[in-house]
Amino acid sequence: MRKACMNFSNRDKEPGEPVMQVQHQIPQCCFLYQADGAEARLEYRLFQAQGQPAVDFYHTFVPPEFRGQGIAALLTTAALEWARQQQLQIHASCSYVARQLETTEKN
């Protein structure tokens, strides 16, 4: 049975930095960070590419009050970790996720 929600956190945080939780809302196909009544999200769609399961990360939104805090990076890290665990082909229509993929592939 698939879980409706999975949690990820910034477990590699610096000492004194707050723990930030990302929720994977499987039925809604998105990763969420929520705090103080605001929500940042990374949305995706699942599909088949050449007969193989694949994911396209197509939209990331971070509200103004969360910008500059690494929230988009946290969402993207959780999403890519999940996709790799699921052995999905990864596609990124979202320019932010595409840049993150390029950076991680170079390292």
Heavy-atom closest pair (His91 atom, Phe47 atom, distance to 0.1 Å) is CD2-CZ, 3.4 Å

Separation between CZ of Phe61 and OH of Tyr96, rounded to the nearest 0.5 Å: 14.5 Å

Closest heavy-atom pair, Ala79 versus Leu42, reported as atoms and distance to 0.1 Å, is CB-CD1, 4.1 Å

Say you draw a straight line from CG of Leu80 to CZ of Phe57; how long is it, rounded to the nearest 0.5 Å? 5.5 Å

Check whether any side-chain heavy atom of Pro53 sits under 4.5 Å from a side-chain heavy atom of Gln89, and report yes or no. no

Nearest non-hydrogen partners of Leu74 and Met20, listed with the distance: CD2-CB, 3.4 Å

Verify same cluster id: Ile90, Leu46 (apolar side-chain graph, 4.5 Å): yes

Could I get the full list of side-chain hydrogen bond (donor to acceptor under 3.5 Å, both in side chains) partners for Gln34, not counting sequence neighbours? Glu39

Would you give the length of the straight line joining atom CD1 of Ile71 to atom OH of Tyr33, rounded to the nearest 0.5 angstrom? 4.5 Å

To the nearest 0.5 Å, how far apart are CZ in Arg99 and SG in Cys94? 7.5 Å

In terms of relative ring orientation, are His24 and Phe31 parallel, tilted or perpendicular, with 30° and 60° separating the classes? parallel

Could you pull out all residues at least two apart from Gln100 that satisfy side-chain hydrogen bond (donor to acceptor under 3.5 Å, both in side chains)? none

For Gln87, I'd like to know if atom CD has over 12 heavy atoms of other residues, nucleotides or ligands within 6.0 Å. no

How long is the gap from OH on Tyr58 to SG on Cys29, to the nearest 0.5 Å? 7.5 Å

Rounded to the nearest 0.5 Å, what separation is found between the NE2 atom of His59 and the OG atom of Ser93? 12.0 Å

Would you check if Tyr44 and Val97 make a side-chain contact, meaning some heavy-atom pair closer than 4.5 Å? no

Hits for salt bridge (charged side-chain N to carboxylate O under 4.0 Å, His left out) against Arg45, two or more places apart or cross-chain, chain-then-number order -> Asp56

